[in-house]
Structure formats: C-alpha cells, structure tokens
Amino acid sequence: MVLHTKANHRDLLIELIRTNFKLRYNNSILGFFWVLMKPFLYFLMLFVVFTAFRGGEASAEYGANLLLGIIIYTLVNEGVIFGMHALTDLAGVILKVNFPRQVAVTSAVFMAVVNFAFNTVILLILAILGSFAPTIEGFLYFVFILSMTIFALYSISLFSSILLVKIRDLHHIMELVMQLVFWGSAVFYSIDDMSGAFGQLIRLNPLALVIHASRKALLEGDIIHVKAMIIMSLMSLALYFLGNLFFKKNIKRIAEFI
Amino acid sequence: MDKPIIKVDNVSKVFEIPHESRNTLKSYFLHPFKRIGKERFYALKSVDFEINQGDFVGVIGRNGSGKSTLLKILAGIFEPTKGKVHVNGTLVPFLELGVGFNPELTGRENIYLNGIILGMTRKYVESKFDEIVDFAEIRDFIDLQVKNYSSGMVIRLAFAIAVEARADIYLLDEVLSVGDAGFQKKSLEKMLSLLSNGATGILVSHNINDVKKYCNRVILLKKGEVVFDGPTDEGIKIFESQMGLMSEE
C-alpha cells in the first residue's frame, strides 16, 4: 500500500474532526447536545437580560438578531481558540509521527464550522416559526460572508497555532481578547444604535460588520457593507499567504519546541 | 549495485538550549532587549551513510550518543541543522509505541486514528481491522477505553497497527523487546517476515544480542559522530571495548 496519499490526508482530516468531537463531549450526560444547548442557553440568558433593559418588550425580531449574532460570534470564538490549540493538542503525536501538520489546523477550524452547522438548526427552527424568510440574494451574500470569515479564521490559525507553542500564555490573552471582541461586536445590540466616537470604533471591528451584514442579509434581504466585505476578503487572502509562509517556515522545527 | 533507499548526507543537528526559558509574554515585555545566552548542543555531527533496500541496520551507542535524534530526523520529525536526508520509499516509525494513542478513546477508535495518522486510508484500516485485533490479542477488550488497558495491551495494539502499514522502511526504537516473551517472539517473526520480503529496518537498541542476531550491519555513534559503520560483529566488538574502557575509566 502507499502511505500518506491524498485519500489519507482527507481521511486524517475527517478522523481528527471526529476524534475532537468525541473527546469534547465524552463523559458528559448530554454529550453532543451541548453543541446546541450552549449557544441556545446563552441566547436565552442574553435575551431575558437585554429584553429587561429594553423595557421588558420581547420581540421576535430582536430574538432573531441576537441569536444570529451569538451563533456567528461562537463560530469566530471557537475558530480562534480551537485553531490556536491545533498543534499543542496533538503534541504527543507530533513528536512521534511526521504527518501533514496543516491538516491539524484545518481540522481544528473545521470543528468550529461543524458546531456552527449544528447551530444553524436553531436558525432554521426560527425561520420555520416565521420570524424571517431570507431572500436568495440575501442568503447567497450570507454564504459569501461566512466563507470569508471561515477563511480568515483558518489564516489566523496558521499564525496562532505556531505562536502558542512558543508563547504559552497566549491562551489566556486570547480568552480575554475574545471577551473584549464579544462586547465590541454588536452581538446583543445593533451597530445602527451606536453613534459618536464609540460607534465609529465599533464600525472598525470587522466582526461587528460581519454580524451586521449577516443580519441584514439573512433576516431582511438587504445587502450592505459590500465594500468592507470585499476589503476583508482581500485582507484574508493576504493573511492566508503570509500565514502559509509563516507556518511553513516555523513548522519544520516545531517538534523541538512543543 | 543496490540502490540506496536512505541517504544521509553530512547531517548535523544542533539543539540550542537557552540558559533560561522564554515562553511567556511577561518574559518578552519585562526584558525586551535582554539577550538570553544559548548553549549549542551537537546531537549529531556530520553524519554520512547510505542504507540499501533489504538491509537491517543496527544503530548502537551509549545514552546521549544521538541514536534517537537520528531516528527522528529519518522519520521527518526533526529537521537537520545542516545536510540532507533522502528517503526513497514509505516509512513507518516505531518510536515509543502507543504514545499517540488517546486514552479516552476505545481500542477500536484508536486503531482507526493511529492507522490513519501513520498514513493509511480508512478503507485500508477497515480491511486490516480483524488482523490487527487478532495480532494484538485484544478482541474481548476492543470496545473498552484504552485508559483501562494494561501497558502490555497498549504496546501490542500499537505494534499490530504499525506493522500493517506495509512500509518500505521501518524505524524501530527499542521495540523488539516489548510485551511478554510470547508477544516478543510473535512480533519479531512478523518483523523478520516483512524484512525478508524486501523491507528495510533500522533498529536502535541497547540489547546487543538483538542487534547481533538480526542486523547485517551496524552504525556506532559516539557523541553524535559515526565512529564505525560496517559488519555487525566488528561494530559490536568496538562498542563493547569502548564500554569496557569507559567502565575502567
């Protein structure tokens, strides 16, 4: 037989995702249902709290916006954290076997995408309940934004997975950064409500624009922030090329540091 | 003349060992311009050799002589600091068997994961599944989490998976003496049958009897340098005389 073929790389990617998934929810009573439960419970909590802040007026529109914001933020948060740990989580294997390390990064980011795919079930339920009906253009634009976001997450992971091996406290720093990103990404509020210097600052946050554009596209069929999304796509592409160079340069000696 | 399946061309490996560790941001921020001294440790120095297809080569030397580093360079885990390694075939490393296993997964799940990490396709692992389980003698425990296995069971399973890779080259780091006497005999027979079918083996072992018995050639390393490369008996004599001299010293 021939080892390390393209078919093997594909199987390795699937097996690593499958293993990650099993291990993450192993020994827990609700198991994989936590994938759905976590963002949903988070949504309920924020919905109750912010509905109270908004004067107790619970609207389906606010619910749909909030849920979509949470699901996209969860994708980005998990993509950043899983991607960063892609190499350190496989340290034992990296020291003993030479396999294409990039597959480890791909599988980690993919894991966040799989979780996202499950979470969209909640969105579908919302659609069936009649809260929104996306247009074809809006849906396609949402798919474009999503693809660009996932690509950007992968590109960031090419840097962060290597950096974590060398600077271990990056893990704690990123947890704090992602908390900050949560508050500054218009997850539980809308960019449209923000004005002044703070509003300007929020509009500089790419994730805030991604969430805003996704909401408008999917829930209202409006296509906005096109220029910003194109710029972000080009930046993601540049990040990918730089990340690839950085990863290839540093991965050769990673077993010495891990 | 036999075509070399492995060519190690003037390979050196240097590990830079910092006098103090610098893997936190605090250490970078508090002393951004501080130069941290590094010790340069030569694990391998200008190592040169060729291995032909079908050879069973023993790599011997004292602890710290560079044997495991050499194997890791051949396996592609470490990159040489200088020189080049040419490998003309597929290679399976038997380094610390079972280390890549996940204790939370069952034996069945680890067979697939480990086999695929070693380079096999899922379909191939599926076709070899029964052979692996039977060879490892763990059929009754296959759906048990590996954390509940004895160390012998883990090693048997890891060996059974790795031999099914059917590679051209096997890198063996102290693996011929794993498990109980019965399994040692079985694993050795399996390995010898693979080698008799044209596979190439490189064995790192402290067990000189194993090297004497199975290897047709020996590479003797001392402080990262090849001090002998040739017939097994001659190499072992030199090694034993070195050991004798060292114990007299």
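Both backbone and side-chain heavy atoms feed into the values below; hydrogens, waters and symmetry mates do not. Chain letters run A, B, ... following the sequence lines, proteins first, then strands; residues in each count from 1.
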Minimum heavy-atom distance between A/A255 and B/I77, given as atom pair plus value: CB-O, 3.5 Å
Atom of B/R122, atom of A/D11 and distance for their closest heavy-atom approach: N-OD2, 2.7 Å
A/K96 side, atom NZ; B/F94 side, atom CZ - distance, nearest 0.5 Å: 15.0 Å
Atom group of B/K13 that falls short of 4.5 Å from chain A, counting heavy atoms: side chain
B/L71 versus chain A, the contacting section by heavy-atom distance below 4.5 Å: neither
Residue B/Y42 excluded, over 12 heavy atoms near OH under 6.0 Å: no
CG on B/L91 to CG on A/N98, rounded to 0.5 Å: 9.0 Å
Straight-line distance of A/L16 CG to B/I116 CD1, nearest 0.5 Å: 8.5 Å
Check: B/E109 and A/T19 side chains under 4.5 Å, non-hydrogen atoms: no
Interatomic distance, A/R253 atom CZ to B/T81 atom OG1 [nearest 0.5 angstrom]: 6.5 Å
A/M45, CE atom: more than 12 neighbouring heavy atoms under 6.0 Å: yes
Within 6.0 Å of NZ in A/K38, more than 12 heavy atoms from elsewhere: no
Per-residue contact mode, A/R10 against chain B (heavy atom under 4.5 angstrom): neither
Neighbour count above 12 (heavy atom, 6.0 Å) for A/F144 CZ: yes
Contacting region of A/I94 [heavy-atom separation from chain B under 4.5 Å]: backbone
Part of A/L12 within contact of chain B (heavy atom distance under 4.5 Å): both
Point-to-point distance, once rounded to the nearest 0.5 Å, from OH of B/Y112 to CD of A/E15: 9.0 Å
Distance (rounded to the nearest 0.5 Å) between B/N102 CG and A/N20 CG: 9.5 Å
CZ/A/F110: more than 12 non-hydrogen atoms of other groups inside 6.0 Å: no
A/F241 atom CZ: more than 12 heavy-atom contacts under 6.0 Å: no
